[in-house]
Chemist: 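Input: one structure, supplied below.
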Protein chains: 2
Amino acid sequence: MAYKTEHITQRLRAAREAQKMSQRELSARSGLTQSHISQIERGTMEPGLGSLVDVARALDLEIVLAPKKLMPAIRNILDSAPASSDVPTSNQRKLVGRLERWFAEHRGAFGSASEADTFKDSLALLRHLPLSAEEMDTFKEATARLDRWLADPPSRQELSRTAHAVRHLRNAAVHRDRDDALPRSAYALDEEDDNA
Amino acid sequence: MAYKTEHITQRLRAAREAQKMSQRELSARSGLTQSHISQIERGTMEPGLGSLVDVARALDLEIVLAPKKLMPAIRNILDSAPASSDVPTSNQRKLVGRLERWFAEHRGAFGSASEADTFKDSLALLRHLPLSAEEMDTFKEATARLDRWLADPPSRQELSRTAHAVRHLRNAAVHRDRDDALPRSAYALDEEDDNA
DNA sequence: GCGAACCATACAGGATAATATATAGCGAAT
DNA sequence: ATTCGCTATATATTATCCTGTATGGTTCGC
């Protein structure tokens with residue numbers, strides 16, 4: 001119902017999480033109710049422009065109307081500034097991408113729709129929030145059978161275990177404090193192949 | 001009531017007018033009613049986010065959520081866009097200037113105050129909106145006796161004819177379609193003297 | 001002056017956003 | 001196990017958007 005505005009509301013959520021702000025705190029700063037914010041972020045309802053402005057201000061964001069022609073230049077600027085200092089490694093993004101593609105094809109393999117939704121949400125977050133090297137190992141291990149899954153969907157139980165592990169990683173990434181530095185090695189070679 | 005979103009809705013109106021699009025046409029393209037658009041532009045009501053994206057799309061605009069920090073850079077890009085591509089020739093500006101100076105001295109020569117006001121308004125617009133070469137010819141012709149007028153005010157009838165012609169040119173310039181290109185010769189020598 | 005285009009405004013009705021409040025689920029920490 | 005913080009969800013009520021339609025006023029072209 002709200003496809004048109006999904007990208008915008010997703011950006012709101014991303015900004016809030018990047019600032020490690022809870023919905024309650026955002027509620028206090030913006031004047032909207034926590035319930036309202038939850039629904040907006042989930043896409044359950046489409047905010048009015050007034051609400052959008054309030055939330056954006058509370059997140060130190062500004063709403064800009066830009067000619068489509070100028071969007072490449074603007075994207076450059078937006079990308080030049082790391083919203084949060086850390087960013088997922090290329091490996092992480094690749095793995096998330098593969099899982100998302102797999103999910104698009106095999107959504108039905110999940111036990112329940114809500115479990116599938118949760119899985120999708122977790123992936124969306126793991127696309128943006130970095131994992132530590134150890135967590136990446138866990139991530140790879142949990143999805144180690146992905147190649148086989150491409151041909152042959154996993155059992156409910158196996159899938160459920162994997163989903164749980166992914167969700168756990170999501171929580172770790174989300175609740176990490178801003179200033180406990182990620183132990184990211186200076187030697188990390190980003191482009192090595194992974195066969196998770 | 002809607003001061004929060006005023007800048008945004010005014011940008012919408014500015015964009016629509018810059019593209020010489022009527023509210024009706026925007027209504028057709030965006031799916032909102034003309035009535036609705038009018039109220040949004042006037043600030044009588046605050047649009048929902050859905051309406052905003054519809055209108056923005058119809059105007060070839062994109063909604064960007066940008067960190068306040070980056071706004072200076074973004075404004076730079078936005079300002080670099082030529083609002084309107086064409087600009088009056090030097091000849092045109094000169095002629096308008098002479099007419100304005102003459103008008104300042106002989107305002108009383110007009111039949112009525114409103115006719116004088118209209119004339120002044122037309123001149124103000126012709127200072128900024130470009131005329132085609134043919135229209136410039138008409139312009140020069142209509143004011144061909146300006147030199148004599150400097151010493152000796154024209155008759156009411158003659159002045160009225162001239163005022164009418166100028167207003168006609170003003171309307172042509174204002175209502176020109178955005179995509180019928182001005183036939184601006186590549187050889188146009190801008191600085192030749194004119195003795196209109 | 002007449003007709004056409006454009007804009008502002010009005011009003012009724014159905015749709016939906018937004019509030020306030022409360023609760024349930026989940027993960028984490030004591 | 002219990003408590004705590006965060007998020008999703010539910011219900012009811014109010015407020016507002018949005019549509020459809022219609023009209024008055026203004027300006028311009030003929």
Side-chain angles (χ1 to χ4, degrees), chain A residues 1-2 4-5 9 12-13 16-17 19-28 30-55 112-115 117-122 124-125 163-177 180, chain B residues 1-2 4-5 9 12-13 16-17 19-28 30-55 114-115 117-118 121-122 125 163-177:
Chain A
M1 181 188 274
K4 291 178 305 193
T5 61
T9 55
L12 287 183
R13 159 165 280 181
R16 177 179 65 79
E17 287 174 343
Q19 299 181 33
K20 302 272 195 297
M21 195 184 297
S22 74
Q23 288 182 348
R24 284 215 131 78
E25 190 180 348
L26 181 56
S27 163
S30 64
L32 312 197
T33 61
Q34 178 266 328
S35 162
H36 195 187
I37 292 175
S38 171
Q39 295 184 79
I40 290 172
E41 288 186 349
R42 283 226 116 210
T44 302
M45 77 158 61
E46 206 160 70
L49 181 53
S51 303
L52 179 68
V53 171
D54 288 338
V55 172
S112 72
S114 77
E115 191 186 4
D117 284 341
T118 299
F119 186 69
K120 188 180 152 203
D121 280 350
S122 298
L125 272 158
H164 187 272
V166 168
R167 186 178 173 71
H168 196 274
L169 286 171
R170 170 229 184 253
N171 290 332
V174 166
H175 291 115
R176 201 191 322 281
D177 256 330
D180 40 78
Chain B
M1 178 191 277
K4 288 180 308 195
T5 62
T9 54
L12 287 182
R13 158 164 282 182
R16 178 180 65 80
E17 287 174 344
Q19 300 181 33
K20 302 230 160 65
M21 195 185 297
S22 74
Q23 287 183 347
R24 285 216 124 80
E25 189 180 349
L26 181 56
S27 163
S30 64
L32 312 200
T33 60
Q34 179 265 328
S35 159
H36 196 188
I37 293 175
S38 172
Q39 294 183 78
I40 290 172
E41 287 187 350
R42 281 226 103 202
T44 302
M45 77 159 57
E46 209 159 69
L49 182 52
S51 302
L52 179 68
V53 306
D54 287 339
V55 171
S114 77
E115 191 185 3
D117 285 341
T118 301
D121 176 63
S122 297
L125 273 157
H164 187 271
V166 168
R167 204 188 46 174
H168 196 275
L169 286 170
R170 167 225 185 258
N171 290 333
V174 167
H175 291 114
R176 200 188 320 281
D177 253 324

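By convention in this document, chain letters (A, B, ...) are assigned in the order of the sequence lines, proteins followed by strands, and residues within each chain are numbered from 1.
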Chemist: Would you mind reading off the distance between B:Met21 atom CE and C:dC7 atom P, rounded to a whole angstrom?
Modeler: 11 Å
Chemist: Output the rounded distance in Å from CZ (B:Arg24) to P (D:dA22).
Modeler: 12 Å
Chemist: What contact category does B:Ser22 fall into here, base, sugar-phosphate, or nothing, at under 4.0 angstrom with non-hydrogen atoms?
Modeler: sugar-phosphate
Chemist: Heavy atoms only, 4.0 Å cut-off, all strands: where does A:Gly31 land among base, sugar-phosphate and nothing?
Modeler: sugar-phosphate
Chemist: In whole Å, what is the span from the CE atom of A:Met45 to the P atom of D:dC18?
Modeler: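 Interatomic distance, CE of A:Met45 to P of D:dC18: 13 Å.
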Chemist: Need to verify one output field. Residue with the more 5' nearest nucleotide on DNA chain D, B:Gly48 or B:Ser35?
Modeler: B:Gly48
Chemist: Determine the contact category for A:Ile37: base if any of its heavy atoms lies under 4.0 Å from a base atom, sugar-phosphate if only primed atoms, P, OP1 or OP2 are that close, otherwise nothing.
Modeler: nothing
Chemist: Which whole-number value in Å describes the distance from B:His164 NE2 to D:dC28 C1'?
Modeler: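 Atom NE2 in B:His164 sits about 10 Å away from atom C1' in D:dC28.
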Chemist: Can you check the A:Gln23 CD to D:dA8 C1' distance for me, whole Å?
Modeler: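 Going from CD in A:Gln23 over to C1' in D:dA8 covers 8 Å.
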Chemist: D:dT7, OP1 or OP2 - any side-chain N/O from A:Arg16 closer than 4.0 Å?
Modeler: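 Yes, because at least one side-chain N or O of A:Arg16 sits under 4.0 Å from OP1 or OP2 of D:dT7.
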Chemist: Considering non-hydrogen atoms only, spot the tightest contact between A:Glu41 and A:Gln23 and give its length.
Modeler: OE1-NE2, 3.0 Å
Chemist: If we only count heavy atoms from C-beta on, is the B:Met45 to B:His36 side-chain gap below 4.5 Å?
Modeler: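 A side-chain contact exists here, since the closest heavy-atom pair is under 4.5 Å.
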Chemist: Check the phosphate of D:dA8 against A:Arg13, side-chain N and O only, distance under 4.0 Å to OP1 or OP2. Yes or no?
Modeler: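 Yes, A:Arg13 has a side-chain N/O under 4.0 Å of OP1/OP2 on D:dA8.
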Chemist: With sugar-phosphate meaning primed atoms plus P, OP1 and OP2, does B:Arg42 contact a base, only sugar-phosphate, or nothing at under 4.0 Å between heavy atoms?
Modeler: sugar-phosphate
Chemist: Mind calculating the distance between CD (B:Gln34) and P (D:dG24) to the nearest angstrom?
Modeler: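 Those two atoms, CD and P, are 15 Å apart.
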Chemist: With nearest nucleotides of DNA chain D determined for A:Glu41 and B:Ser51 from heavy-atom distances, which residue corresponds to the more 5′ nucleotide?
Modeler: A:Glu41
Chemist: Figure out the NE2/P separation between A:His36 and D:dT16, and round it to whole Å.
Modeler: 13 Å
Chemist: Please report the distance separating the P of C:dT19 from the corresponding atom of D:dC18, rounded so that it comes out in whole Å.
Modeler: 16 Å
Chemist: Go through C:dT19, C:dA8, D:dT7 for me and flag the one nearest to the A:Thr33 side chain.
Modeler: C:dT19
Chemist: Taking all non-hydrogen atoms of both residues, which atom of B:Ile37 and which atom of B:Ser30 are closest, and how far apart?
Modeler: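 Result for this residue pair: CD1-OG, 4.1 Å.
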Chemist: Does C:dA18 have OP1 or OP2 under 4.0 Å away from a side-chain N or O of A:Gln39?
Modeler: no
Chemist: Give me the atom names and distance for the closest heavy-atom approach of A:Val53 to B:Lys4.
Modeler: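 Between these two residues, the closest heavy atoms are CG1-O, 4.2 Å.
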Chemist: What are the two closest non-hydrogen atoms of A:Thr9 and A:Ile40, and how far apart are they?
Modeler: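 Smallest heavy-atom distance, with atoms named: CB-O, 3.6 Å.
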Chemist: A:Leu52 CG to D:dT16 P: how many Å, rounded?
Modeler: 18 Å
Chemist: Checking contacts here: which listed nucleotide (C:dC7, D:dC17, C:dA18) is nearest the side-chain heavy atoms of B:Glu46?
Modeler: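 Nucleotide nearest to B:Glu46's side chain: D:dC17.
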